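Residue numbers run from 1 in the order of the sequence given. Atoms within each ligand, like the ligands themselves, are counted from 1 in listed order. Everything quoted here is computed from the prediction, not taken from an experiment.
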Amino acid sequence: MRSPIPDYLLEVVEACGSDNPGATAGYIPELAHADPDRIAVCVSTVDGIVYSAGDADSPFSIQSISKPFVYALALTELGLDAVLDRVGVEPSGEAFNELSLDRESGRPLNPMINAGALTTHALVGPATATPDERFERIRSGLSAFAGRELGVDEAVYESEWGTAYRNSAIANMLRSYAVFDGDPADVVRGYTRQCSITVTARDLALMAATLANGGVQPSTGRRVASRQVVRQVLSVMMSCGMYDAAGDWMSTVGFPAKSGVSGGVLGTLPGQFGIATFSPRLDAHGSSVRGVRMCTRLSADMGMHIMDAPEPARSAIRRDRVLRGPRGNTVRVCSLQGTLQFSGAEHVLRALSDSDGPYTAPAGDRPRGRIDSVILDLRRVHSVDDVAERMLREAVRRLRLDGLRVTVVDPEHVLYPHHRAGDGASDAVVPSLAPLDGYRRL
Ligand code: GLU
């Protein structure tokens, strides 16, 4: 079978590309002359399959889409607190190139506006790094997110550097408030080079998928950022990523995203996939007109709004039954499934401690007196987060205190990742339900 997904994406390109309003970024001459007819959409899964339609391999400069990734690099190198000392996380509601600082703290409001991005650029690398060394760290850091070596569009760099009056004003303001040390001209030069790094929509989709995948690049398998860093980056993208239209974007499209003035838009559905669109003509906020359209359409068609959350709790228990063994003993087998988080684990705890107690058959089965043991069957569980892990282990402990024999069927080690046979606490962890052969349903 040929997958219908590329056909669907082609339909999105055709429907959203039928007209081409807006204007290319006028303040950077090389971008003003970009071919406005190019259009692309790419979706990358967290295991690195990229579906695309249109000009997915057409190169363009990354511009502001570099900002979340350089923020990630600064967070990785300095830690959250040190970065928060220099750059805030509040939406500014102002244009991306506003000369503004937080009134009270004197910091740039967030790392997605130019004032914050110039600062995070300056924070990358050791204090002794030369501008070239700092840039190289950034180029190779972004390349690790993309999964291939990225280069620089020298024509775009020269063109923007030649007209970088406003960013120079912002950098001088930042320097005068001692937000960063060093020469403001070096910072603007380095930041401009950072914005001139060349990518394709395919690269951006993989960079977005790396964020969706909790920091592990899907095609290389390399961890390029920690989960905590990714969470911080996505949170700031959610509230500040779409320039001064972030609130509108949140309510209509509803996934963390970042746009750039060369026409790219990058979006991330945490745990699911990365998205990238490209079309050079921009709206009044500086985001690609057709890119926003495509993202809006994808979100509506594919249920991508992150507030449309799944219902993991209701589906946590796959089956819950009581079996009688050959010697008359009874065992309650509670089979779980999917991804377990707080709400799913709560569902399980509730079932195991329902009004009749875990000693009787669950609802649906007629109570037949006290049961002797409980089997927690995790064969269909994909993952258990830290909270659910603690809750389920506590359930096991309490059931044992109540005098029940508890066995956990955990062949993939989702609940006891470090289980070794005979290590005491978890020696009732077994790989299969085979010991139940010969048991019958009550
Ligand atoms: N290099 C551009 C600037 O600093 C990036 C702006 C953007 O993409 O929003 O003005």
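R223 CZ: more than 12 foreign heavy atoms inside a 6.0 Å radius.
A donor-acceptor pair under 3.5 Å is absent between the side-chain atoms of H347 and the main chain of S343, judged by distance alone.
Taking 4.5 Å as the limit, every side-chain heavy atom of E394 sits out of range of all side-chain heavy atoms of E389. By the 4.5 Å heavy-atom criterion applied to side chains, L282 and S287 are not counted as neighbours.
Counting only residues at least two apart or in different chains, side-chain hydrogen bond (donor to acceptor under 3.5 Å, both in side chains) contacts with residues 72-88 comprise E77-R137.
Taking a heavy-atom cut-off of under 4.0 Å, ligand 1 is surrounded by Y27, Q63, S64, F96, N114, E160, N167, Y191, C195, Y243, G260, V261.
A salt bridge links R2 with D7: at least one charged nitrogen is closer than 4.0 Å to a carboxylate oxygen.
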